[in-house]
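Reckoned from all heavy atoms, side chains included, excluding hydrogens, waters and symmetry mates.
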2 protein chains.
Amino acid sequence: MKDFLTLDKQLCFAVYETAGEFTKLYTSALQPFGLTYPQYLVLLALWEKDGVTAKELGERLNLGTGTLTPMIARMASNGWLRKERSKTDERKINIYLQDKARQEKHPITQKVSETIQTCRIELEEYEQLMMQLGTLRRKVKGRI
Amino acid sequence: MKDFLTLDKQLCFAVYETAGEFTKLYTSALQPFGLTYPQYLVLLALWEKDGVTAKELGERLNLGTGTLTPMIARMASNGWLRKERSKTDERKINIYLQDKARQEKHPITQKVSETIQTCRIELEEYEQLMMQLGTLRRKVKGRI
DNA sequence: AGGTTTTGTATCGTGTGCGATTTAATCTTA
DNA sequence: TAAGATTAAATCGCACACGATACAAAACCT
């Protein structure tokens, strides 16, 4: 416990660096489609459930309106999605995929899948990490 | 292997989210000192080895000049560090800690250490994660 | 119903993060 | 040694990411 600072430095940094490497990998895979990594995460969320409000999307992705609003605007102007003010509650914005996003789903996911597979991550490794990162994330989040 | 896309989504997102939670935790711990999380990482690197060039620092932190140059400028104007052009090679910039950074080292690391300890991360968990993240990072980095 | 509070978005300012370009200094090599 | 290549920083443009603030619509409340 006495070298916790050194250790801590390494864990926070390990997560920080790994996230950076993922961003670079996905950026290169997505670049041909004119998508950024965070935009791809938005598409992933919408491919699972379309027509959600900005708030729901933000909760799903852990992003606030300060990040999402301009991002949604960019993606709308690039033809990926469409904003529509809710009829029943004028405060809400519903977000819908456009045809382009539905049509490109397979090529995009195919390309990403191929790219990820070149990393040769073992299934066991994958599952362990998912579990441990989940535990870690909950602990870190719970403390704030 | 057939649900790799779904799994993949979850791993990249798990790393992405965890990094975000760390950022929030550190941001709140460092805010009293007027430091951001990336700036704290710069200090950590310099506390270990002072007087390095911008390039060395960038390699240590995995950051390019487009990120580091303005960050160093901000930290210099906030009194944390000092830039000095190398005498022997005028292209290089050496970066030195200022007194403030040396004096505040203990209070800062103390506060961070306390904050991290509230997460109650087990040593075993910690070491496993460090190892697995290292492996993952190398695999992801190696593929680009 | 009308005032208050809450809620959902939008906007703003600051700080990363990155690829591409630029500039100046150093190194290479013919 | 002078032209060309390489290297180290700086600069630029774009896209997150976040906290704070603003604002309008809806809900709440006697």
- [ ] Would you classify A:Thr53 as touching base, sugar-phosphate or nothing, given that sugar-phosphate means primed atoms plus P, OP1 and OP2, and contacts are heavy atoms under 4.0 Å?
- [x] sugar-phosphate
Pairs under 3.5 angstrom, nitrogen or oxygen only, protein versus nucleotides 21-25 of chain D, please.
none

Task: For atom OH of B:Tyr16 and atom C1' of C:dG17, their distance in whole Å - done: 13 Å
Task: Whole angstrom value for the distance that separates P of D:dC16 from NZ of A:Lys24 - done: 17 Å
Open item on the list: Tell me the interatomic distance from A:Leu30, atom CG, to D:dC14, atom C1', rounded to whole angstroms.
Closed with: 17 Å
TODO: Determine whether B:Asn62 and A:Lys24 make a side-chain contact, defined as any pair of heavy atoms from C-beta on separated by less than 4.5 Å.
DONE: yes
Open item on the list: Between C1' on C:dC18 and CG on B:Leu61, what's the gap in Å once rounded to a whole number?
Closed with: 15 Å
Open item on the list: I'd like to know if A:Lys55 pairs up with A:Glu59 as an ion pair, taking the criterion as any Lys NZ or Arg NE/NH1/NH2 lying under 4.0 Å from an Asp or Glu carboxylate oxygen.
Closed with: yes
- [ ] Verify salt bridge (Lys or Arg N to Asp or Glu O under 4.0 Å) between A:Lys92 and A:Glu90, making sure each step is shown before the conclusion.
- [x] CA-CA 5 Å; A:Lys92 295 183 182 171; A:Glu90 297 262 336; over 6 Å; no
- [ ] Would you mind reading off the distance between A:Ile93 atom CD1 and D:dA26 atom P, rounded to a whole angstrom?
- [x] 12 Å
Task: B:Glu17 with A:Arg137: basic N within carboxylate O range, under 4.0 Å - done: yes
Task: Among C:dT16, D:dA17, D:dA10, the one nearest A:Pro38 by side-chain distance - done: D:dA17
- [ ] Using the closest heavy atom to pick a nucleotide of DNA chain C for each, name whichever of A:Gly66 or A:Gly20 lands nearer the 5' end.
- [x] A:Gly66
TODO: Provide the full list of salt bridge (Lys or Arg N to Asp or Glu O under 4.0 Å) pairs with a residue in residues 29-45 of chain B, sequence neighbours left out, each pair given once.
DONE: none
- [ ] May I have the distance from B:Phe22 (atom CZ) to D:dC18 (atom C1'), rounded to whole angstrom?
- [x] 19 Å
TODO: Kindly indicate whether the side chain of A:Leu81, heavy atoms from C-beta on, has any atom under 4.5 Å from the side chain of A:Val42.
DONE: yes
Task: Sidechain-backbone polar pair: A:Trp47 side chain, A:Ala101 backbone, donor-acceptor under 3.5 Å - done: yes
Task: Validation row: A:Thr27, A:Thr36 side chains within 4.5 angstrom (heavy atoms) - done: no
Task: Selection from D:dC16, C:dT16, C:dT9 that lies nearest to any side-chain heavy atom of A:Thr36 - done: D:dC16
Under 3.5 Å, which donor-acceptor pairs do the side chains of residues 67-77 of chain A form with other protein atoms, sequence neighbours left out?
| from | atom 1 | to | atom 2 | distance (Å) |
| --- | --- | --- | --- | --- |
| A:Thr69 | OG1 | A:Thr65 | O | 3.0 |
| A:Thr69 | OG1 | A:Thr65 | OG1 | 3.1 |
| A:Ser77 | OG | A:Arg74 | O | 3.1 |

Open item on the list: When you measure from the side-chain N and O atoms of B:Lys83 to the phosphate of D:dA10, is any distance below 4.0 Å, counting only OP1 and OP2?
Closed with: yes
TODO: Please give the angle, rounded to 10 degrees, between the axes at the start and the end of the helix from C:dA1-D:dT30 to C:dA30-D:dT1, where five pairs define each axis.
DONE: 10°
Open item on the list: Please confirm whether the shortest side-chain N or O distance from B:Gln31 to OP1 or OP2 of D:dG19 is below 4.0 Å.
Closed with: no
TODO: Using a cut-off of 6.0 Å, state whether more than 12 heavy atoms not belonging to B:Arg85 lie near its atom CZ.
DONE: yes
Task: Distance test, side-chain N/O of B:Lys92 to OP1/OP2 of D:dA8, below 4.0 Å - done: no
TODO: Specify the residue among A:Ser86 and A:Leu63 whose closest nucleotide of DNA chain D lies further upstream toward the 5′ end.
DONE: A:Leu63
Open item on the list: Quick one, B:Glu56 and B:Arg60 - any side-chain contact, counting heavy atoms below 4.5 Å?
Closed with: no
Open item on the list: Please enumerate all residues that pass side chain to side chain contact (heavy atoms under 4.5 Å, CB included) together with A:Thr135, with sequence neighbours excluded.
Closed with: A:Arg138, A:Lys139, B:Glu125
Task: DNA chain D contacts made by residues 67-80 of chain A, counting heavy atoms under 4.0 Å - done: A:Thr67, A:Met71, A:Arg74
Task: Rounded distance (Å) that lies between atom C1' of C:dA25 and atom NZ of B:Lys55 - done: 15 Å
- [ ] Check the distance between D:dA9's C1' and B:Arg85's CZ and give it to me in whole angstrom.
- [x] 7 Å
